[in-house]
Amino acid sequence: MAGIPRAEHPLPQWERESWRNLNGEWDFAFDFGKSGIDRAFYEKKDWEQKILVPFCPESCLSGIGYKDFIPAVWYHRTEELTKGQLTGRVLLHFGAVDYACRVWVNGKPAGSHRGGYTSFTLDITALCREGENDLTVYAEDDTRSGRQPRGKQSGLFYSHGCDYTRTTGIWQTVWLEFVPENYVKSARFYPNIEEGTLTVEAQTAGNGVLCAKAFYEGKECGQASVRTSGRNAVLTVRLSELHLWEAGDGQLYDLELSFGEDRVRSYFGMRSLELDGERFLINGKSVFQRLVLDQGFYPDGIYTAPSDEALEQDIRLSMAAGFNGARLHQKVFEPRFLYHCDRLGYLVWGEQGNWGLDVSAPDGLKHFLPEWMEAVERDFNHPAIVGWCPFNETWDYEGRRQDNDLLEIVYRMTRQYDTTRPCIDTSGNYHVVTDIYDLHDYEQDPAVFEEHYRSFAEGGALRDNHSERQTPVEGVPVFISEYGGIKWDVDKNSADSWGYGNGPQTEEEFISRYRGLTDALLDNPRMFGFCYTQLYDVEQEVNGLYTYGRKPKFDMEIFKKINGRKAAIEE
C-alpha cells in the first residue's frame, strides 16, 4: 500500500485479511447549488478536480484547501473487483463523512448515512460486478442549520474564539472488505477481573459455530465456542492468566474470532470501573484522573491526522507533561487514536461534538441520539474509554434554554446501552441527571480558585457558578473538567490570539499560576480528577502547553512533576 495516505487498517479491533484501503486520489466536485443529484452526478464520467482522501477539501493535505462554506461535495472512484472477491459479501466502510451522505455503486443507490462523526457500512454485494465498478459519494454539510452537531467547526467565515476551520465530506479512511456469506457482524466484550473471564456477545450473519481464542504476548490463555442458529451468540472465555489494564500500563490481550470461513483479529483489556461514593475506582483502586483537553485538530489535516504516528504522538506528548488521560473534546475521535490509547493505558472520555445543535427544542433528539448511539456502539470495546459525555456546556441556544428532557433521554439511553461506564449528561452545565458532577472554572488567580472549593474540601457544600440553573448532586464523584486555559502566545504577533484571563508576562509567572491552580485540585480530598485546557494551541486559541505544530512551549518535566504529585483522594 505504498503511497496510500493513512494506509494502516482503520479498525485495529476488527481486522480481516481480505480488505482494500480506498484512500488516495478520487475525482471531486463542489456542488454549491446542491443540484448534483438532479444533474445525475452519480452517472458523471468527466470530473475536473481531484482530491486526496481521507483529507477534507478545507485542508491543505487534500490538495484543495478551500476554506469558505461548502454546502455539498461529490467524490468518484473506480475499483476493479475479481470474480473471487464477489463470491461472498462486499462491504463498503466509511470512517466518517461530514455530514449527510449518499452513496451510489455503478449508478445505483447503495445507501445513506446522517452524522459527521460516526462510521457506517453498506453491503454493496448486489450492486457490484466483475471488472470495473464506479463508486460515487455525495455529502451535504450545513454547520449553521442548528440541526447538526458541528463541534468546534466555525459558524462564521473566519475561525474565531474557540471555533476553528470546518470539515466537509470524507475525513476518515474508506475501505472495502470481502467477507464470506456467513460472518461475524459485530461483538461486544465484557471483561470480569474478579472471575478472570471475558464474555463475548456477538451478532452473526448465518448459522454456525463461533469460536473465540485469547492470547497474551503470543501465548494462548483461553478459548470457548458456541453454536448459533440465529443472529445472537454469547460465549465466555476463562483466562488462564490475568493481566490488568491500568492507567499507564495498557496490557492488552489479542483475540481471534472465527465463524465458519470468517476470521477476525481483535483485542481487549481486562479492567473494571466503579464509582464508590466520591471516588472513581479503576480495578478497585482510586485513580486520580490527570486529564487534559484534546480537541483533535491538525494544522495540515484539520480533523484528520496526517499520519498514524501523529495520533500516537499526541498521546505521548500528553504523557510527557504528566497527564494520564484526556477529555476528547467536541469530537468523536477515530478508532486508530483509541487503539493507541488502549495500548498506552491512556484514560479518555468519549464526547460528541454537540455544539451547533439547537438543544432548546425537543426535535434536537432526532438530530443527536442516533449518531451518538452509533459512537457508543462503535467504541464500546475500548478499555481506554472510562466514561461517556454526550454534551458539553449546553447553555442557552440563541437565548432559549436547553430542553432538559433531551439531555435526560440521551443520558438514560447511554446508560441503558452501556452499564459498565459512568455517564456525564453535559459537561460543565447545565446538569439534569448525571453519574458525576463536573464544573468548568477558568478563574486565573490560584488563591481565589482554591477558595471556590475550600468549603467543599472541608466537608461543606460544593460551590457552583451556575447554581441558579442547577443544584450540585451530593455524594457523587466531582471534578473540575475544564480549568486553566492560560494564554501563552509563542509568536506574540497575532491580534486574534486569545486564552483565558490575562496572560502571564514571564515563564516563571505561567508556571507559578499553573502550579497554584493544579495544586488546589490535587490537594482537595473530594476531587477525583481535573482536566486542564489544553494540550496544544488550535489556530487562534493559544492556551496550549504545546504549539499547534506540537512544539513544547516550556520544559515539560516541570509540568510532569506538578501533575504527577500524589492526590489527596488517593491517600
Side-chain angles (χ1 to χ4, degrees), residues 3-7 22-34 36 41 44 46-77 94-101 116-117 136-144 148 150-174 295-311 313-314 330-331 334 353 356 491 493-497 536-542 547-551:
I4 298 177
R6 299 300 307 273
L22 300 187
N23 291 346
E25 189 176 78
W26 288 56
D27 298 318
F28 179 80
F30 291 107
D31 189 357
F32 293 109
K34 296 199 287 189
F41 273 22
K44 183 178 173 69
D46 53 333
W47 299 82
E48 297 178 356
Q49 283 185 282
K50 301 289 186 181
I51 189 171
L52 194 65
V53 169
F55 305 110
C56 69
E58 291 90 346
S59 71
C60 63
L61 287 178
S62 70
I64 295 178
Y66 184 85
K67 296 293 196 290
D68 205 345
F69 289 94
I70 306 174
V73 290
W74 288 83
Y75 301 79
H76 170 263
R77 180 184 176 108
F94 293 86
V97 182
D98 196 352
Y99 171 72
C101 175
Y117 293 102
T136 310
V137 179
Y138 170 69
E140 291 186 359
D141 192 23
D142 185 0
T143 58
R144 297 172 289 184
Q148 71 178 61
R150 61 167 171 80
K152 292 296 192 78
Q153 301 180 61
S154 178
L156 303 178
F157 174 78
Y158 294 107
S159 297
H160 64 100
C162 51
D163 279 352
Y164 323 117
T165 302
R166 289 171 294 277
T167 288
T168 298
I170 297 171
W171 65 275
Q172 287 185 33
T173 293
V174 184
Q295 308 207 64
F297 275 79
Y298 301 86
D300 45 6
I302 307 177
Y303 256 6
T304 311
S307 66
D308 188 50
E309 291 75 18
L311 294 172
Q313 179 195 34
D314 283 352
Q330 282 299 285
K331 176 188 175 186
E334 63 172 284
D491 297 328
N493 58 6
S494 173
D496 296 327
S497 66
Y536 47 81
D537 297 345
V538 182
E539 298 185 358
Q540 68 279 349
E541 190 172 353
V542 293
T547 68
Y548 198 16
R550 275 51 171 187
K551 301 299 183 184

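Only this structure's heavy atoms are used, side chains among them; waters, hydrogens and symmetry mates stay out.
Identified under the side-chain hydrogen bond (donor to acceptor under 3.5 Å, both in side chains) test for residues 53-69, with sequence neighbours left out: Glu58-Thr168.
Residue Thr167 holds its OG1 atom at 6.0 Å from OH of Tyr303, rounded to the nearest 0.5 Å. Taken from CD in Gln295 to SG in Cys162, the straight-line distance is 7.5 Å, to the nearest 0.5 Å.
Under the 30°/60° scheme for interplanar angles, the aromatic rings of Phe28 and Phe30 are found to stand perpendicular. Taking the six-membered ring where tryptophan is involved, the planes of Trp47 and Phe41 are perpendicular, since the angle between them exceeds 60° and thus also 30°.
Between Tyr164 and Glu541 there is a side-chain heavy-atom pair separated by less than 4.5 Å. When side chains are defined from C-beta on, Arg166 counts as touching Phe69, because their heavy atoms get closer than 4.5 Å. Looking only at side-chain heavy atoms (C-beta outward), Thr304 and Arg6 come within less than 4.5 Å of each other. Between Tyr298 and Asp314, the closest side-chain pair of non-hydrogen atoms falls below 4.5 Å. Counting heavy atoms from C-beta on, the side chains of Pro5 and Phe55 come closer than 4.5 Å. Using a 4.5 Å heavy-atom cutoff, the side chains of Arg550 and Pro299 are in contact. Residues Val73 and Ile70 form a side-chain contact, since some pair of their non-hydrogen atoms from C-beta on lies under 4.5 Å apart. For the pair Asp141 and Gln148, the minimum side-chain heavy-atom distance is below 4.5 Å.
A distance-only check finds a donor-acceptor pair linking the side chain of Trp171 to the backbone of Gly116 [under 3.5 Å]. Judged purely by atom type and a 3.5 angstrom limit, Tyr536 uses its side chain to pair as donor or acceptor with the backbone of Gly296.
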Checking side chain to side chain contact (heavy atoms under 4.5 Å, CB included) for the pair Glu140/Lys34: CA distance, chi angles, key distance, verdict?
CA-CA 8 Å; Glu140 291 186 359; Lys34 296 199 287 189; 3.7 Å; yes

List the steps, then state whether side chain to side chain contact (heavy atoms under 4.5 Å, CB included) holds for Tyr75 with Ile170.
CA-CA 9 Å; Tyr75 301 79; Ile170 297 171; 3.8 Å; yes

As a quick check of understanding, evaluate side chain to side chain contact (heavy atoms under 4.5 Å, CB included) for Thr143 and Ser154, giving each step before the final call.
CA-CA 8 Å; Thr143 58; Ser154 178; over 6 Å; no

Could you please spell out the steps behind the side-chain hydrogen bond (donor to acceptor under 3.5 Å, both in side chains) verdict for Glu539 and Ser159?
CA-CA 8 Å; Glu539 298 185 358; Ser159 297; 2.6 Å; yes

Does the side chain to side chain contact (heavy atoms under 4.5 Å, CB included) test come out yes or no for Trp74 and Val137, once each step is laid out?
CA-CA 6 Å; Trp74 288 83; Val137 179; over 6 Å; no

Run the numbers on Arg150 and Asp163 for salt bridge (Lys or Arg N to Asp or Glu O under 4.0 Å), then give the verdict.
CA-CA 10 Å; Arg150 61 167 171 80; Asp163 279 352; 3.4 Å; yes

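A side-chain donor from one of Gln153 and Asp98 sits under 3.5 Å from a side-chain acceptor of the other. Between the side chains of Thr173 and Asn23, at least one donor N or O lies within less than 3.5 Å of an accepting N or O. Between Tyr99 and Tyr117, the side chains place no donor N or O within less than 3.5 Å of an acceptor N or O (distance only, hydrogens not considered).
Under the 6.0 Å distance and 45° angle rule, Lys152 does not count as a cation-pi partner of Phe297.
Residues forming a salt bridge (Lys or Arg N to Asp or Glu O under 4.0 Å) with Asp27 (at least two apart in sequence, or on another chain): Lys50. Under the rule for a salt bridge (Lys or Arg N to Asp or Glu O under 4.0 Å), Arg144 has no partner lying at least two apart in sequence or in another chain.
Residues Pro71 and Asp31 come closest through the heavy atom pair CG-O, 3.9 Å.
No more than 12 heavy atoms of other residues, nucleotides or ligands shown are found within 6.0 angstrom of OH on Tyr158.
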